[in-house]
Amino acid sequence: MKVENKCENQGVCELRKIFWLALMIIILARNIAFADVKSSYDIIISGGGMGGTAAAIQAARMGMQVLIVEPTYMLGGQATTAGVATMDDMSGVESGIYEEFIGNVKKYYDDMRKSIATCYWKLNTRAFEPSVGHKILAEMTASSDVIYHAQIVSVNNNSQDRYVVIKTPDFTRNVKFKILIDASEYGDLIPLVGARYRAGRDISPEIGDVYIQDVTWTTVIRKYPNGVPEHLRPKEPLPDYERARKNYQDYVAKNGTAFTGKYPIKMPVDVATHNAYRAIPDSFTPGSYTGARRDWKKITKTGVNWGNDYPGMYMINNYYGLTVKILEDRKARAEIEREALLKTLHFIYYIQNELAEDWSVDEEEYGELPEAAKEMNLSEEWQNIARHFPPIPYARESRRILGNYTLNSKTIHENSLSWRNNHKNLELEDSIAIAGYNLDLHGADNDEDLESELGEKQRSIHGDTPQGAFQVPMRVLIPETVDNFLTAEKNLSVSRLASSALRLQPICMMTGQAVGTLASLAIIKNLQPREIPALQVQKVLLDSGVVISLAMYEDVPRENKFFKSVQIATLYRLLEPKRIPNLPQKNINSSKLVIKKGSEFHLGYFGVNEKITRKDFDNMLKRAEEITASKLQLQIENKNNITRGEALDLIVKAMTE
């Protein structure tokens, strides 16, 4: 990364210098840290993406020594390193480390009087510049060691002397670990530890010629009000530009349609609509804007992540989808990544020449030529462009561990119906996070691409669409047999369709926090992760501000002192609320609520301040002892004169001690 001297005015120039100086200080500090890597860590994490950083932050706060091994020069994975800096979350729930991260992002932009609600044509969104996301994550992971430009190339997990072999451009060395976490973008650690996994619809070692979702090499572009600098305006298109030009004409055109807020979107859209879709704040341009239509003309920075999926509409072998070789074959991966990068490079020429817009790559972002670009024989003018591309593509699909339990789309759908339109408690007892997204496959969405043994078919995409937020169970984090190993990204024990709803930045961060908790507890208690009861993990998560229950009660908001105990009560059916919630049914991919005729929408009422009956207390205690398989010792003087909330607190405390 480097500081450019070209500025619209002196004030902006000084702001840039201050920002990049602060960022370089952070990076330099991390370089000094990894120059002296310890010989042993409690936890080693492969990949500093959203899941990996959250796992590291949580584990460090629980007293663990943590090492993050990151292949690039940035933290944040899909949100920063791959450039998808517009947060994809339809749950309406921000909690735990993700909530803290977004709070830090908001403060950064609030200090400049800028909004982070800039994308998706809405006012309730979250977005940031990738460099800002990296800066904040670097600060949040300050208690962990981080090695950049590094990867784990082999694993010895067969004895008490467990170690990984870490390779960087400068050295290769063995480092010991107690728990190993795969938080990589492609799930590359899974085969190294010998765990079975799913790739596409198949299970290793029998991986056939199957297909997965497209990748996208996104980038960040900005509007240059005084015209695009010559060194960012390529004079000649790259080879195969004509195919790309025809592709992009179907998505965004000079005389395209302006989005009015009504779906379906009429394609192609106009430039303002395109740029407002993935708009992000601009630290280096005076003023602010939001995702509201009135602000679209003010937008000066956006992400290119629409129409540039690879292969997307190009097709390969007459098929919409990407060969699984991108996961299994490093040579094929390199070739696919070059093609994906090329497709987005074409967009820079397209927006400047076909759309006649003064937009180009943002010189404030990135700064190192991606590895894929080094193998493309690019001219100097195109290297100037590619240098400000993200270092990696956005990979939507990864290898996924095979666990003793596999989450599928039907379970997600049923769980999302909890408390909706007179459905009662359908919550998952071992919930460790709340997610919110639709079933969204980018390619490879035919019956033959899906796992029939898990009940997945093409019709499941619409038939099993979540009707609201849903829970992620702890079971999906743990492989079926391999010990000392957990997963924390897009590589959980889930079906392809379930993965498509769990691959987004917010939920990866929240599941990552749960993995950091589970790994730390296993080390503290000298047990395997699979031996740790979910209740113990949930207790730590609740104390860390994580929301794990879907129920909402009017008398128990998040700030209520009984909130944590009520979540446990709801998950484990310890005590029935006085009035169950009746939430509206909602297609999570739609802005419209669907309420059945005659139904009444309301929050529940738990009754935490009412006196508990002797019968309810005894039943709750009996249920708690069944769950823990132990006789609980309660210190209570008069259980006939306490509230329901107080009784819950007593029993939950006894359950989790």
Side-chain angles (χ1 to χ4, degrees), residues 1-8 12-32 34 48-49 70-85 108 128-139 146-150 168-170 217-224 228-234 280-285 300-305 337-338 340-342 344-345 347-348 359-376 378-394:
M1 298 181 187
K2 63 180 180 179
V3 179
E4 295 290 341
N5 293 321
K6 301 176 179 66
C7 301
E8 285 74 22
V12 172
C13 189
E14 291 303 315
L15 181 62
R16 291 176 183 175
K17 288 180 180 178
I18 292 170
F19 172 80
W20 284 108
L21 179 60
L23 183 58
M24 293 308 294
I25 288 172
I26 292 171
I27 293 174
L28 181 60
R30 309 310 298 146
N31 285 340
I32 293 171
F34 77 67
E70 168 54 41
T72 73
Y73 55 89
M74 295 183 74
L75 296 176
Q78 57 180 301
T80 59
T81 321
V84 190
Y108 175 89
F128 49 85
E129 293 152 298
S131 54
V132 171
H134 165 71
K135 174 181 180 293
I136 291 169
L137 289 172
E139 292 168 346
V146 181
I147 311 179
Y148 295 104
H149 292 301
T168 76
D170 302 318
W217 207 301
T218 74
T219 194
V220 175
I221 58 175
R222 64 175 294 221
K223 183 177 179 64
Y224 289 84
V228 176
E230 287 302 308
H231 65 287
L232 298 180
R233 185 183 288 278
I280 59 179
D282 190 341
S283 292
F284 306 110
T285 300
T300 55
K301 193 175 290 192
T302 193
V304 180
N305 187 9
E337 289 185 347
R338 288 193 295 269
L341 177 59
L342 177 63
T344 305
L345 285 171
F347 185 79
I348 303 301
W359 288 72
S360 191
V361 287
D362 180 12
E363 286 191 295
E364 313 306 333
E365 293 298 331
Y366 308 112
E368 291 187 14
L369 198 65
E371 287 298 317
K374 295 176 182 178
E375 306 297 325
M376 293 174 64
L378 296 173
S379 65
E380 183 177 353
E381 66 174 7
W382 278 107
Q383 285 190 36
N384 288 336
I385 300 294
R387 186 169 289 108
H388 298 287
F389 268 45
I392 62 171
Y394 172 34

* Asked: For the side chain of Thr80 and the backbone of Leu75, is there at least one donor-acceptor N/O pair under 3.5 Å apart?
  -> yes
* What's the shortest heavy-atom distance between His134 and Tyr73, and which atoms? -> CE1-O, 4.0 Å
* Which atom pair, heavy atoms only, marks the closest approach of Gly83 to Pro130? -> CA-CG, 4.5 Å
* Asked: Nearest 0.5 Å, what's the CD1-CD1 distance between Ile221 and Ile280?
  -> 9.5 Å
* Structure fact -> With sequence neighbours left out, the residues meeting side chain to side chain donor-acceptor pair (under 3.5 Å) with Glu371 are Lys374
* To do: May I ask you to test the Tyr224-Glu363 pair for a side-chain heavy-atom distance under 4.5 Å?
  => yes
* Partner residues of Arg233 under the side chain to side chain donor-acceptor pair (under 3.5 Å) criterion, sequence neighbours left out -> Asp358
* Structure fact -> From the list Lys223, Lys301, His388, side chain to side chain contact (heavy atoms under 4.5 Å, CB included) partner of Asp362 resolves to Lys301
* Apply the test side chain to side chain donor-acceptor pair (under 3.5 Å) to residues Ser283 and Glu364: give CA-CA distance (whole Å), side-chain angles for both, the deciding distance (0.1 Å), then the verdict. => CA-CA 9 Å; Ser283 292; Glu364 313 306 333; over 6 Å; no
* Between atom CH2 of Trp359 and atom CG of Leu232, what is the distance when rounded to the nearest 0.5 Å? -> 14.0 Å
* Structure fact -> Smallest heavy-atom separation, Arg387 atom then Leu369 atom, equals N-CD1, 3.8 Å
* Answer yes or no: is there a donor N or O on one side and an acceptor on the other, between the side chain of Glu70 and the main chain of Gly48, under 3.5 Å? => yes
* To do: Compare all side-chain heavy atoms of Glu129 with those of Val220 and state whether any distance is below 4.5 angstrom.
  => no
* To do: Please examine the side chains of His149 and Thr168, heavy atoms only from C-beta on, and report whether any two atoms are closer than 4.5 Å.
  => no
* Could you state the interatomic distance from OH (Tyr394) to OG1 (Thr218), rounded to the nearest 0.5 Å? -> 10.0 Å
* Taking every non-hydrogen atom, the tightest pair across Phe389 and Thr344 -> CE2-CG2, 3.7 Å
* What distance do Arg338 atom CZ and Leu345 atom CG have between them, rounded to the nearest 0.5 Å? -> 13.5 Å
* Using the side-chain contact (heavy atoms from CB on, under 4.5 Å) rule, take Lys135 and Phe128 through it: C-alpha gap first, then chi angles, then the decisive distance, then the call. => CA-CA 11 Å; Lys135 174 181 180 293; Phe128 49 85; over 6 Å; no
* **Between CG on residue Asn384 and CD1 on residue Ile348, distance to nearest 0.5 Å** => 12.5 Å
* Asked: Short question: side chain of Glu381, backbone of Pro234 - any donor-acceptor pair under 3.5 Å?
  -> no
* Asked: What residues, two or more places apart in sequence or in another chain, satisfy ring pair (Phe, Tyr, Trp, His ring centres under 6.0 Å) together with Phe347?
  -> Tyr248, His274
* To do: Indicate yes or no: at least one non-hydrogen side-chain atom of Ile385 is less than 4.5 angstrom from one of Ser360.
  => yes
* To do: Please report the shortest heavy-atom distance between Ala386 and Leu378, naming the atom on each side.
  => CB-CD1, 4.0 Å
* Asked: CD1/Ile392 to CH2/Trp217 distance, rounded to the nearest 0.5 angstrom?
  -> 8.0 Å
